Amino acid sequence: MGKITAAVTAVGGYVPESILSNKDLEKMVDTSDEWITTRTGVKERRILKDPEKALSDIGVEIVKEICDKRGISPTELDLIIVGTITGDYRFPATANIICDKAGATKAWGFDLNAACSGFLFSLTVGTQFIESGKYEKVLVIGADVMSSILDYTDRATCIIFGDGGGGVLLEPNTENLGIIDTIMKNDGSGREFLFQPVGGSRTPVTPENVAAGEHFIYQEGRAVFKYAVSNMADVSVAIMERNNLTGDTVDWLVPHQANLRIISATANRMGLSEEKVMINIEKYGNTTSGTIPLCLWEWENQLKKGDNIILSAFGGGFTWGAIYLKWAYNPR
Ligand code: UT7
């Protein structure tokens, strides 16, 4: 028998209904639609407003859509991995809650924290369980509720992020389709440029640090931009070279949607024309682990069996990476 690869066999996605536009933000902080659009590419983002809802509810919608599309029951799933930094609780893991609420009674699961690279790291881990022959149905989610950790008086962060996410089902394939190669990286010396200062064991929550707003996300945008723009392009080019791909033979780039300028720089370095790059940052902003699966979800009907796809991300940590994915099915 040929080598077993992990193929994506279905995609799901979910964004909350409520829209927060740049015009809305103009009324909340000292910013402008013009500044946000030209500096980031974001026009609006989705916000999970319902106080009864959390990350697991987004995850359940994703599981349901994937199982419906694939014609399977959640009881057939072996494992659910959730890439996220905004789980329902610090513990237990949101994957447990999703298994329970979605009726994935056979599956076990865990959350994986790699900030904006969360989906790529999770996909890399999920792939191992398929390639080894251990499991046949691994569901990988990337999703975040960034509004739950944002300070809507801080214009440096609140204009960028949004809520939502997506996921994919991985199944064994013997036609050499699916995840072909992965490069994952991290550099913890970048931890203080983009992080949530309070709430962990280093600085537990106190009334004083909450009053000072230190439980919200903190980012030094310019520093992160500098690392992101070079590392995301470098790792994308590296995975192309390692697999003898060129700008002509890559069909799609699925970039993390942090900033349109980072996406353009990456696509240029890869020698890709604009129409090969999935971009929806204008509608959803940066949903952290959610951006890449949300793109796959929106473009699913344009993807063809055999398409060469590069997924690429950079995020807090720092974490970054790229995956070479060969698409396994035609539009249904
Ligand atoms: O997804 C995880 C990884 N994260 C990223 O990849 C994000 C990377 N960083 C970025 O995307 C960009 O750095 C930002 C979009 C966050 C900021 O854009 P920038 O072009 O780097 O702006 P800046 O921070 O250098 O600020 C430029 C100017 C400053 O004013 P002065 O000092 O030149 O007078 C800021 O105070 O723009 C000002 N500014 C704003 N003005 C209006 C900063 N934020 C805003 C704002 N509205 N929201």
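As the structure is a prediction and not an experimental result, all values here were calculated from the model. All values below were derived from every heavy atom in this structure, side-chain atoms included, with hydrogens, water molecules and symmetry-related copies excluded.
By the 4.5 Å heavy-atom criterion applied to side chains, Val145 and Pro16 are not counted as neighbours. Residues Asp57 and Leu48 have side chains not in contact (no heavy-atom distance under 4.5 Å, counting atoms from C-beta outward). For the pair Trp252/Leu303, a side-chain contact is recorded, criterion being any heavy-atom separation below 4.5 Å from C-beta on. Between Ile239 and Ile310, some side-chain heavy-atom pair lies under the 4.5 Å cut-off. Counting heavy atoms from C-beta outward, Leu169 and Lys69 have side chains that stay 4.5 Å or more apart. The shortest side-chain heavy-atom distance between Ile160 and Leu150 does not fall under the 4.5 Å cut-off. Looking only at side-chain heavy atoms (C-beta outward), Phe161 and Arg45 stay at 4.5 Å or farther from each other. Between Arg46 and Lys283, every side-chain heavy-atom pair lies at or beyond the 4.5 Å cut-off.
Interatomic distance, CD1 of Ile66 versus OG1 of Thr9, reported as 8.5 Å (0.5 Å rounding). Between the OG1 atom of Thr38 and the CG atom of Leu260 there is a distance of 10.5 Å, given to the nearest 0.5 Å. Put simply, OG1 on Thr94 and CG on Asp100 are 12.5 Å apart, with the number rounded to the nearest 0.5 Å. Here OH of Tyr218 is found 14.5 Å from CD of Gln196. Values are rounded to the nearest 0.5 Å. Atom CD1 of Ile183 sits about 11.5 Å away from atom CG of Leu120, to the nearest 0.5 Å. Atom CG of Asn286 and atom CD1 of Ile159 lie 10.5 Å apart (nearest 0.5 Å).
Of the possible donor and acceptor atoms, none in the side chain of Asp307 sits under 3.5 Å from a partner among the backbone N and O of Ile309. Formation of a donor-acceptor pair under 3.5 Å by the Arg155 side chain with backbone atoms of Asp30 is found in this model. With hydrogens and angles ignored, the 3.5 Å screen pairs a side-chain donor or acceptor of Asn330 with a backbone N or O of Lys305. In this structure, the side chain of Thr84 engages the main chain of Ala143 through a donor-acceptor pair within 3.5 Å. Within the 3.5 Å criterion, the main-chain N or O of Arg90 finds no donor-acceptor partner in the side chain of Asp111. Counting only distance, with no hydrogens or angles, the side chain of Asp88 and the backbone of Ser56 share a donor-acceptor pair below 3.5 Å. Although no hydrogens or angles enter the test, the distance criterion places no donor-acceptor pair under 3.5 Å between the side chain of Asn243 and the main chain of Leu245. Counting only distance, with no hydrogens or angles, the side chain of Asn173 and the backbone of Glu175 share a donor-acceptor pair below 3.5 Å. One N or O on the side chain of Glu76 and one on the backbone of Ser73 form a donor-acceptor pair closer than 3.5 Å.
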Carefully, step by step, assess Glu214 and Thr203 under the rule side chain to side chain contact (heavy atoms under 4.5 Å, CB included).
CA-CA 10 Å; Glu214 290 165 7; Thr203 316; 5.5 Å; no

Stepwise side chain to side chain contact (heavy atoms under 4.5 Å, CB included) test for Val63 and Ile141: CA-CA 8 Å; Val63 172; Ile141 291 173; 4.1 Å; yes

#### Entry: Intermediate values then yes/no, side chain to side chain contact (heavy atoms under 4.5 Å, CB included), Lys106 and Asp78
CA-CA 6 Å; Lys106 184 175 74 171; Asp78 296 302; 3.2 Å; yes

Go through Val82 and Leu55 one step at a time and tell me if the side chain to side chain contact (heavy atoms under 4.5 Å, CB included) criterion holds.
CA-CA 10 Å; Val82 183; Leu55 187 80; 4.2 Å; yes

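For residues 119-132, the set of pairs meeting the side-chain hydrogen bond (donor to acceptor under 3.5 Å, both in side chains) definition, not counting sequence neighbours, is empty. Among residue pairs with one or both ends in residues 308-329, those qualifying as side-chain hydrogen bond (donor to acceptor under 3.5 Å, both in side chains) are Ser117-Thr319, Ser236-Ser312, Glu300-Tyr329, Asn308-Tyr324, Asn308-Lys326; sequence neighbours excluded.
Nearest heavy-atom pair, Ile263 versus Gln257, reported as atom, atom and distance to 0.1 Å: CD1-OE1, 3.8 Å. For the pair Ile262 and Ala228, the tightest heavy-atom approach, listed with the atom from each and the gap, is CD1-CB, 3.8 Å. Across all their heavy atoms, Asp33 and Glu26 have their closest contact at N-OE2, 2.7 Å. Nearest heavy-atom pair across Ser21 and Asp24 is N-OD2, 2.9 Å. Taking both residues in full, the closest heavy atoms of Cys67 and Leu77 are given as SG-CD1, 4.2 Å, listed atom of the first, atom of the second, then distance. Here the shortest heavy-atom pairing between Ser289 and Ala115 reads OG-O, 3.1 Å.
No hydrogens or angles considered: a donor-acceptor pair under 3.5 Å links the side chains of Ser273 and Glu275. If you check the side chains of Asp234 and Ser230, you find no donor sitting under 3.5 Å from an acceptor. For the residue pair Asp163 / Ser147, a side-chain donor-acceptor distance below 3.5 Å is found, with atom types taken as modelled.
No more than 12 heavy atoms of other residues, nucleotides or ligands lie within 6.0 Å of CD in Glu136, so this atom counts as exposed by the packing criterion. Atom CZ of Arg202 has 12 or fewer heavy atoms from other residues, nucleotides or ligands within 6.0 Å. For Lys185, the NZ atom sits in a loose shell: 12 or fewer heavy atoms of surrounding residues, nucleotides or ligands are nearer than 6.0 Å.
Follow the hydrophobic side-chain contacts under 4.5 Å out from Phe225 and you reach Ile217 in the same cluster. Phe314 and Ile292 fall into different hydrophobic clusters, where Ile, Leu, Val, Met, Phe, Trp and Tyr are joined by side-chain heavy atoms under 4.5 Å apart, directly or via other members. Residues Phe110 and Leu123 share a hydrophobic cluster, clusters being chains of Ile/Leu/Val/Met/Phe/Trp/Tyr side chains in contact below 4.5 Å. Under a hydrophobic-cluster definition in which Ile, Leu, Val, Met, Phe, Trp and Tyr are linked whenever side-chain heavy atoms come within less than 4.5 Å, directly or via other members, Ile81 and Trp108 are assigned to the same cluster. Follow the hydrophobic side-chain contacts under 4.5 Å out from Ile98 and you never reach Val168; the two are in separate clusters.
One finds a salt bridge joining Lys137 and Glu171 here, because a Lys/Arg side-chain nitrogen approaches an Asp/Glu carboxylate oxygen to under 4.0 Å. For the pair Lys276 and Asp251, the salt-bridge criterion is not met [side-chain N within less than 4.0 Å of a carboxylate O].
Chaining together hydrophobic side chains whose heavy atoms lie under 4.5 Å apart places Tyr89 alongside Ile97.
Aromatic ring pairs are classed by plane angle as parallel below 30°, tilted from 30° to 60° and perpendicular above 60°; the pair Phe318 and Phe193 is parallel.
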